[in-house]
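These notes are about the structure you will find just below.
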6 protein chains.
Amino acid sequence: MKKVVLFGEIMLRLAPNGYYRFFQNDQMQATFGGAEANVAVSLANFGYRPVYVTKLPEHAIGQAAVSSLRSFGVDTDSIVRGGHRVGIYYMEKGASQRGSVCIYDRDHSSIKESVPADFDWKSIMKGADWFHFTGITPALGHNLVRTCLDACKAAHAAGATVSCDLNYRSKLWSREDARAAMTDLCKFVDVCISNEEDAKDVFGIEAAGSYIGKGKLDREGYKSVASQLTEKFGFKKVAFTLRSSFSASDNDWAGMLYNGKDCFFSPTHHLHIVDRVGGGDSFGAGLIYALTQGYDDQKAINFAVAASALKHSIEGDFNRVTVEEVQKLAGGDSSGRVSR
Amino acid sequence: MKKVVLFGEIMLRLAPNGYYRFFQNDQMQATFGGAEANVAVSLANFGYRPVYVTKLPEHAIGQAAVSSLRSFGVDTDSIVRGGHRVGIYYMEKGASQRGSVCIYDRDHSSIKESVPADFDWKSIMKGADWFHFTGITPALGHNLVRTCLDACKAAHAAGATVSCDLNYRSKLWSREDARAAMTDLCKFVDVCISNEEDAKDVFGIEAAGSYIGKGKLDREGYKSVASQLTEKFGFKKVAFTLRSSFSASDNDWAGMLYNGKDCFFSPTHHLHIVDRVGGGDSFGAGLIYALTQGYDDQKAINFAVAASALKHSIEGDFNRVTVEEVQKLAGGDSSGRVSR
Amino acid sequence: MKKVVLFGEIMLRLAPNGYYRFFQNDQMQATFGGAEANVAVSLANFGYRPVYVTKLPEHAIGQAAVSSLRSFGVDTDSIVRGGHRVGIYYMEKGASQRGSVCIYDRDHSSIKESVPADFDWKSIMKGADWFHFTGITPALGHNLVRTCLDACKAAHAAGATVSCDLNYRSKLWSREDARAAMTDLCKFVDVCISNEEDAKDVFGIEAAGSYIGKGKLDREGYKSVASQLTEKFGFKKVAFTLRSSFSASDNDWAGMLYNGKDCFFSPTHHLHIVDRVGGGDSFGAGLIYALTQGYDDQKAINFAVAASALKHSIEGDFNRVTVEEVQKLAGGDSSGRVSR
Amino acid sequence: MKKVVLFGEIMLRLAPNGYYRFFQNDQMQATFGGAEANVAVSLANFGYRPVYVTKLPEHAIGQAAVSSLRSFGVDTDSIVRGGHRVGIYYMEKGASQRGSVCIYDRDHSSIKESVPADFDWKSIMKGADWFHFTGITPALGHNLVRTCLDACKAAHAAGATVSCDLNYRSKLWSREDARAAMTDLCKFVDVCISNEEDAKDVFGIEAAGSYIGKGKLDREGYKSVASQLTEKFGFKKVAFTLRSSFSASDNDWAGMLYNGKDCFFSPTHHLHIVDRVGGGDSFGAGLIYALTQGYDDQKAINFAVAASALKHSIEGDFNRVTVEEVQKLAGGDSSGRVSR
Amino acid sequence: MKKVVLFGEIMLRLAPNGYYRFFQNDQMQATFGGAEANVAVSLANFGYRPVYVTKLPEHAIGQAAVSSLRSFGVDTDSIVRGGHRVGIYYMEKGASQRGSVCIYDRDHSSIKESVPADFDWKSIMKGADWFHFTGITPALGHNLVRTCLDACKAAHAAGATVSCDLNYRSKLWSREDARAAMTDLCKFVDVCISNEEDAKDVFGIEAAGSYIGKGKLDREGYKSVASQLTEKFGFKKVAFTLRSSFSASDNDWAGMLYNGKDCFFSPTHHLHIVDRVGGGDSFGAGLIYALTQGYDDQKAINFAVAASALKHSIEGDFNRVTVEEVQKLAGGDSSGRVSR
Amino acid sequence: MKKVVLFGEIMLRLAPNGYYRFFQNDQMQATFGGAEANVAVSLANFGYRPVYVTKLPEHAIGQAAVSSLRSFGVDTDSIVRGGHRVGIYYMEKGASQRGSVCIYDRDHSSIKESVPADFDWKSIMKGADWFHFTGITPALGHNLVRTCLDACKAAHAAGATVSCDLNYRSKLWSREDARAAMTDLCKFVDVCISNEEDAKDVFGIEAAGSYIGKGKLDREGYKSVASQLTEKFGFKKVAFTLRSSFSASDNDWAGMLYNGKDCFFSPTHHLHIVDRVGGGDSFGAGLIYALTQGYDDQKAINFAVAASALKHSIEGDFNRVTVEEVQKLAGGDSSGRVSR
């Protein structure tokens, strides 16, 4: 079993039930999620005991976030407790032509107000095989950029592979701030996960010929982005998720893995979407699992894409699937027949 | 902000949750809806403060209907209170080959038993820019035909534009009664909203070459119906909703606006249906908004169709969308991507 | 009204709500279902008063199973009460690429531990027109094979037609045990219901050229299986359900009826699936209804397929549709329009 | 097993969940209830197969009322189908100082618009041991008074005992109309069930010294009312429920049975109320069961009071308790310990 | 109809359903509440159209707070829109020995970050009869103290009566800060609402002989506190709520009104608590209504206490009762009988 | 932090919501519970990381039981996986005079069919401070008696204190079998937890003068039972729960601790019951915590009783309270006031 360490923010996710718009009735699903936490839970469901690092208040809401992770078998012993609030995001699920809506209320959360000294990375990274974070974590503020750098260095020192999902969020920081911070951080990154938008937003690297709004994707274009990224940062691998949005209910979903030389494309899955939030994170988790298990590149991208295809059929941020379920789909059985 | 007045019946809508058939368990969604009320709520969500007129009992159920409208910002001060019951409709949502089922229990409602003297139209219409009603309101009985005529005359006197959605309901009145009453009323109507079935049922005007059961639509046929209607009643505009029903889950949806000379067709939206009740009403609301805002005909029909396309993704009778959301879809972004 | 007798196990069905995975929250739908019980309820909804035979404990859970059947008008007076437990199946609904999951916990149920002497078949079958069971019932154990034989003989003696849905369940018995028992039982069977997998699993009879995983179906292949079955057991009719699984959300659904000479294929319905469990049972019920009503073979298979197409749009095991609703779809109206 | 026939109205009961006020959210419990239907269900839970007579529309809502009764084992074969609506009552549960609220919407229901010729009492009463109705049924209109008389006469002719719960409802008829009709009907009644208010409202017979508002009850006063009633109508038995209302959450509950000579008082139960609607009906059912089982007067009143005490702990109109559960409480075990 | 203006914070209230502890399942009731908003809603339910002033973000969550108030008929036109977040409080309902728990997450809310210039008090107060705020509003920060002063001065200038509920919250400010600010503000206050704890916490004024933990209350002690407050600030009236907490489920509830000379005590109501949050606010609303209606002091305190007693039987912050319901209880009918 | 090991069965608990009777609607709360698991969760909530030992199937239902424990921080690494089923108990909550009902369906569960060789007690008990089991575990069968003996011996060898809650279940074994097995096991027990019924049922030791049905308790009687038990088995401590059942809604609750010489009685708490299942287990957990923390006897029994008093206010088997919450009540604050 590999030791994977993750660092980021876990938020309270408040979502109306079903296809209700915000406050259409007086009930909300109250669960937890966040980019790296989603990866951690996914890895735990694959049988790992990932170490998730964040800062959460001591009160019952902070404790609920811990308990939520703990129920999946995530190791929560390195979570720092303190501060005053759990960040929140309000999530309204779309359907048909109506897109999903996220409203963030994450300012002043415990993790956002944390300082580098809160985290003892040397001890956390002891024996770590892998460290994963996303571009959302440094986007939380200058302190978090520094903490991410500390974590990357400690991971490096411990001999762990470092992966980063670029995950650009324009509401959190400007393109300029993102580029500056991510350029520093990517020096430590071995495996870069992205989609074409993030590569452009963060680093200004573009795939010629693709047009996202229309869902048209161009294989050569993706390869070009991946090789530009690799040249710039020396990544060992670059993985892309390839989404074609026909509507909030129907997407095509695929992925690409570039190993510095060749591009491996997964098959495309036509998705009837139950909940697309966390789709990218489940891709990251699938990729980390596949690479730590020594899968070859084609098998790795197929596994990562199958894992994340399944995520779209599951409510909430977390990808509640086992390795066997992913392998069944990655192996080509997409019939959705009843397993009795 | 334009003053729009609406008149009709608002009913209690009792619907099993999800895809349950009637009484499959012991819970029902209990909300409110009705053709003109749906238009009013939609306009309120577009930022207007529409004046909705009806009659409702004084008890807690009548009050709940008022509160429901009031929460959206509809002006309920002209609602007359009295009588004994709120009309009810039982609504069971269909899926796939199984169509939705409506069972009406609206006899003897307060509005149905109202008399013309209940309503002081002169004062209600003061300063009105627009008056809207549907063919359902006069179908409630002879008194309601007279009240509608009173309302139309007062609207006319106030200089308001009058729109009417033909909305033929065979359970409420015969084709003959409908034709007689609607012929009288349409003399006051400037903007006629319909679909091909209603034009045929109410006025015997047919679109050659269309066959609804198959969902095949013929542009010229629609134009022919619109021009026949215009000739007969002198409408300034005729708008049609164009629905192709593949199943209870999948429809194509478009619209047409005829200005007495030219026909403007909207793009067609392929709908994954959440709830199709109120689809036509949300089209009417979109049209009224677009026309009161001075949109040109093409932009107006696109807005009306986009508004009503979105309605199909929303639970309940009411169209819970903002102008910005409609404009985004009307502007061509139907990808349903997450708005963060 | 025809008297139809059915024999089998009714289980408690525990299912997470919506698309939740098992125990994603703390609520479960707790309803009842089972192959023959599903047929019985479907026939009751068609206006019959079918006699359902099983054994259930005397406690409140057993009583709830009885009450559930009774609410539809199923005659529960021949249900034997005793034993200790109601069998359970945990049911998780799939979506998109994620298939549904059934976990059975039916060992030691009252019916499984019943003995032949528990049932007075002579009196139960008095006046019976039809007797139906499925391959699941004898799969419950040696005693149940004998009880099924007793029932078949009594049905035969009473002049009732006997139908059997092969329904092979590999978790309940081996192919060898199934073949031995079903070979004995099929001697009494007049109408055999199956799909290509069951015919192969139970009797080793194969349809050349079909490949289920891909959903490719071959008409001649099915005819070949049907005629092989007929030759072997002298069935008067053989009916097949033809399912093409594109995903857990989308299937094509059709059927075939073979009368010893000709094959009649129904139209194919493209299904947006709400709940596919009980789809085959609803087909059986449709067929039994159609044949007891004297429909010709084409009309019979169309009715059976329409009935079971509708089942896929309904939550739970039971097919909650009327004859009128089935006839509407069987007559070609699959538009799913609102019935007002 | 005794054959008990009941006649009355069964309504749709729409109730907010828990302690919500009307429309505090968008969900309602939708169940069925009505005075005589409640008695029927209670008797069915005691193991009888009571015949419940009413008129209900043919549509799905009418059918749901039938199914609801059928699930308990009530014989619904004598229910006449026709008319247009199921009566409704909106029910809001009170707590502490806030009393429950009932809003009736039962005008124009199928049973209210039924005519005497709808019911074939001679055939319904064949073999009947008991006929029960309440004062609510004749209160539905002149036709219903006549139908009740028909039913009473047929019951008399069949040798059945007739019981009536006076159940005065001031919203349905005036005291004068009630007195006239009930005076005619009571000539056929053997067992009269009432409380002190009803006796006064319907017949002007008062219990000196009691004061309901304060919950003060006077044994001699009740005896005096019972003997006055007996003198006037020749009842064989008069039974009273004795309720002391401290708040909507806490009541004392007892009963009295007068046999024309002696009064038998039950013990008093202090109730923590879950749902008090149907409390009186469950008392009637308990009494009918006890008397048809030949219990002596003290045991009969104890059983009836225990049955109805338990009702107050159960949601909905129907008393979901077995004879064994009632006997346990009637036998003195009110500890509410866990039955494992 | 009197014009009452209120100023304060309305928060999102997130509460587990029933008696669940935080996150015991994945659903939360999501409603709105806040001290002055609760008073506003209560007054709206009494038939007033109170003007509620606050600042809320423009997004859907802010809009939902507005809609919630609007549904009751509160005038929301003076609510300033801007800022980033709606304050939140997590509310877990207690039972028996387990007390309710509130966790506040209200820092950085739009209203907390508002500045005095956001509010045009002169125009808001035009024609106002009454202005009400609580000690929670100035506790939100120095800017809010100034804004409250501005509001008080404008109210004074408009000739409005000013009331203040001291409502000390130790998590929001220190006793010292509270005393300083409230001493300034109370110079403008005519009617002071408090309980003995607040009087002591804010002003150090104590009632000798009372001991809250035990729920023992001393009439003379309360009078002494009231007269000390009056002497210090020149209040015209001082009103106290008197709560005896036996457990989270059972309280006694009463009130006192001091007019500078005499003390009027209400009767004591023994409460079975459904939800006690907002109990004090409903008292304030009752008092404001009674005083604006010109009730005498005894009738006023009885009305205020009856209103707030009823609040304890209602879920959520808002008191959903009518004047008629309050008057019924204030008039002595606490029996909680069914109103049919 | 002390290492506490627990051994027993964890079951799926299926309970209708609120006060519904079984299958009153189609939803059930599906949670987990079991005597020793309840103790484990309670200790985890007190900050320990207890090691819970059982056997559970590998499928999703077994996994859900593991996840449920894991979410609280229980160490589940020693749970053996295998076998076929998770035991079930159906739980219906009582109210007022209607007692709760438990129906067990636990035969053939994985733990019941486990063999002694499944558990490596030597390694499990390494470093253990305490081992706890209840009389339910050996009641599961002869193999379990042997496994309990193995566990006790290993605990003894590791120097752990052993506690046992007698917990007699007549549905699981006879008094004779219980006496034989428990006599063997109690030789290893240091701390015996019981109530007077269990002491009598298992060992025939009676408390003179107590009469449970009436809830009358006699202090001297309890002391006599405790000293008889101590004499017989050499227990270091004997603890009793003292329950007086007035109804299913209201109990008095207290406890006694006997140290071989003196009896310490806790104060009595009057409980408004939310859910009484697990009340005894939460007492056991409180006692184990108090004794491992070195509390004196009076403080220990007060803590255990306060912990279990709070349990009665919480839904489900598990006691979701912190040490601070227990100490607040144990310290005398039972007012149930809001903690803000």
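No experiment lies behind these values; they were computed from the predicted model shown. Order of the sequence lines fixes the chain letters, A, B, ..., with proteins taken first and strands second; residue numbering starts at 1 for each chain. We use all heavy atoms of the structure for the numbers below, so side chains are in, but hydrogens, waters and symmetry mates are not.
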Chain F contact via E:S247 - which portion, at a heavy-atom distance below 4.5 Å: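 Both parts, backbone and side chain.
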Part of E:R98 lying under 4.5 Å from any heavy atom of chain F: both
Within residues 268-281 of chain F, residues adjacent to chain E where the heavy-atom gap is under 4.5 Å: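 F:H269, F:H270, F:L271, F:H272, F:V274 fall under the 4.5 Å cut-off.
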Pick from F:T31, F:I314, F:L329 with the largest number of heavy-atom pairs that fall under 4.5 Å of chain E: F:I314
Options F:E315, F:Q29, F:R320, ranked by heavy-atom pairs under 4.5 Å with chain E, top entry: F:R320
Aromatic plane relationship, F:F46 with F:F303 - under 30° parallel, 30 to 60° tilted, over 60° perpendicular: perpendicular
Any side-chain donor near an acceptor of the partner, E:Y222 and E:E196, under 3.5 Å: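 Yes.
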No-hydrogen, no-angle side-chain donor-acceptor test under 3.5 Å, E:R106 and E:Y89: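 The criterion, which ignores hydrogens and geometry beyond distance, is not satisfied for E:Y89 and E:R106.
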Residue pairs, two or more places apart or on separate chains, that pass ring-ring contact (aromatic ring centres under 6.0 Å, His included) and touch residues 9-29 of chain E: A:F32-E:F23
Side-chain heavy-atom pair F:N45, F:V321 within 4.5 angstrom cut-off: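 Counting from C-beta outward, F:N45 and F:V321 never come under 4.5 Å.
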Heavy atoms of other groups near F:R49 CZ, more than 12 under 6.0 Å: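 Open.
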F:R13 (side chain) donor-acceptor with F:G34 (main chain) under 3.5 angstrom: no
Nearest atoms (heavy-atom pairs only) where E:K112 meets E:L144: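 Smallest heavy-atom distance, with atoms named: O-CD2, 3.7 Å.
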